Amino acid sequence: MTATRVLVLNSGSSSVKYQLLDMRDSSRLAVGLVERIGEETSRLKHTPLTGGDEREREEPIADHEAALKAVSAELTADGLGLDSPELAAIGHRVVHGGLKFTAPTVITDEVLAEIQRLVPVAPLHNPANITGIRTAQALRPDLPQVAVFDTAFHTTMPESAARYAIDVATADQHRVRRYGFHGTSHAYVSRETAKLLGKEPQDVNVIVLHLGNGASASAVRGGRCVETSMGLTPLEGLVMGTRSGDVDPAVVFHLARVGGMSIDEVDTLLNKKSGLVGLCGDNDMREIRRRIDGGDEAAALAFDIYIHRLKKYIGAYYAVLGRVDAIAFTAGVGENAAPVREAAVAGLEELGLAVDGELNAVRSDEARLISPEYARVAVAVVPTDEELEIARQTYALVAPVGTPS
Ligand code: ADP
């Protein structure tokens, strides 16, 4: 029997998201989520997609090992256990791959040690990813485990885009440079956008706007990323749900010296209490739109600041690329919030950009064009699918030669 299933694991500090896919047809067999690991009220939500009802339970789940065991028990109950010979590999989302990992990589002890070495530049993410990998290895030591890095797609950025203009020796000593994140999504969406245009990725230039709770833009020339908005950490760039995106770095000195805040307090402020939530108290775009419709001025200003930043990045990436074939909106806000898409390209007709009101209002899970026929640049909504991309990249590394993927 050929093993064709891939389990995709996305391990956060207190959560594990998972999906089991069958790579013969890229179908999903089960999806689920364990939240609040380590708390009294941990919650596991499991949805079998081969028949049967969604199952949800709340009980204390002490750590990632207990979480993965609980997931394994749920999968076993559906006849999809991790001990199945049909499971080909486990694919792990790993946030930071530094400069070394430019592609998905089969995890060995050396690879794990390198991911560990990157903890100082990704203190919030890599430790949880490592725990997820170690736990999965303990459950199935014989199975290939693959790391798929959020940063990998951006390693093609030229030095001119990847370096900050700071003292080179200091930057190199501390590995301070722009790495970018959401790479799996940017890779997937830029490729799907080319497909939507009926072209090969190497023949199109695309600006991808990944607008979720975290948000980032990328400029992709002929399938290769040449610029992205997140930097050393996911804090740089666009206005996000709770992150500020770009600020003058001197804001940090000012808040420390004049505001008396500690570095950790400023870190929390900029990462967790800024962006849309800092500007108006809400980070959900649906709620912000409802408030705007009700005449709320703080929500309207938050929206305007969000759009202003987005537009600046569209303009900047247009200049970086020189020629743009398509702009693709993706993730929770990008896929669902028509007013954001409309406002982001409003007034950019001179750049060949426009959105058709009717097409933009259509709700769909499919990739689609929302620009009018006359527009020089295609504007598209392209749903992202990071799990499918991780599963594909994982399977491509472990599948026997000649297996369709
Ligand atoms: P992440 O993966 O970064 O947590 P998502 O890509 O799932 O985020 O996006 C979540 C965000 O998408 C929500 O915070 C909300 O602002 C936005 N969103 C989801 N559905 C809608 C909708 N129907 N209309 C507007 N915004 C939406």
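Each ligand, and each atom within it, is numbered from 1 in the order the structure gives. When reading the values below, keep in mind they use all heavy atoms of this one structure, side chains included, and skip hydrogens, waters and symmetry mates. Model, not experiment: these values are computed from the prediction.
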For Ser185 and Thr384, test the side chains for any donor-to-acceptor distance below 3.5 angstrom and give the result as yes or no. yes
Task: Arg243 side chain to Asn213 side chain, donor-acceptor N/O pair below 3.5 angstrom - done: no
Candidates Thr242, Leu211, Asn283; heavy atom nearest atom 14 (O) of ligand 1 found on Asn283
For Arg28, does the CZ atom sit with more than 12 other heavy atoms under 6.0 Å from it, leaving out its own atoms?
-> yes
Is there a donor in the side chain of Ser27 and an acceptor in the side chain of Asp25, or the other way round, less than 3.5 Å apart?
yes
Could you say whether the N/O atoms of Met285 and ligand 1 ever approach to under 3.5 Å?
-> yes
the protein heavy atom lying closest to atom 23 (N) of ligand 1 turns out to be Asn336 CB, 3.4 Å
* **Sub-4.0 Å protein heavy atom next to atom 20 (N) of ligand 1** => yes
Original post:
Do Asn213 and ligand 1 have an N or O pair less than 3.5 Å apart?
Top reply: yes
Numbered in order shown, the ligand 1 atoms found under 4.0 Å of a heavy atom of Gly214 are 3 (O)
Exercise for the section: Check whether any N or O atom of Gly332, backbone or side chain, sits under 3.5 Å from an N or O atom of ligand 1, and answer yes or no. Expected result: yes
Honestly, for Arg363 the part within reach of ligand 1 (heavy atoms, under 4.0 Å) is side chain
Near Ala337 (heavy-atom distance under 4.0 Å), the atoms of ligand 1 are 25 (C)
Will you find, in the side chains of Glu236 and Tyr164, an N or O donor that is under 3.5 Å from an N or O acceptor? yes
Ala331 heavy atoms within 4.0 Å reach ligand 1 at atoms 6 (O)
So, does Ser42 use its side chain to make a donor-acceptor pair with the main chain of Arg36 at under 3.5 Å?
yes
Which of parallel (below 30°), tilted (30 to 60°) and perpendicular (above 60°) describes His182 and His210?
parallel
Nearest non-hydrogen protein atom to atom 15 (C) of ligand 1, with distance, is Asp284 OD1, 3.4 Å
Atom 17 (C) of ligand 1 has as its nearest protein heavy atom Val333 CG2, 3.6 Å
When you measure from the side chain of Arg140 to the backbone N and O of Leu82, does any donor-acceptor pair fall under 3.5 Å?
yes
Would you list the atom pairs, donor with acceptor, under 3.5 Å between side chains in residues 297-307 and any protein atom, with sequence neighbours excluded?
none

For Gly212, the atoms of ligand 1 under 4.0 Å from one of its heavy atoms are 3 (O), 5 (P), 6 (O), 8 (O), 9 (O)
for atom 25 (C) of ligand 1, nearest protein heavy atom and its distance come out as Arg286 CG, 3.5 Å
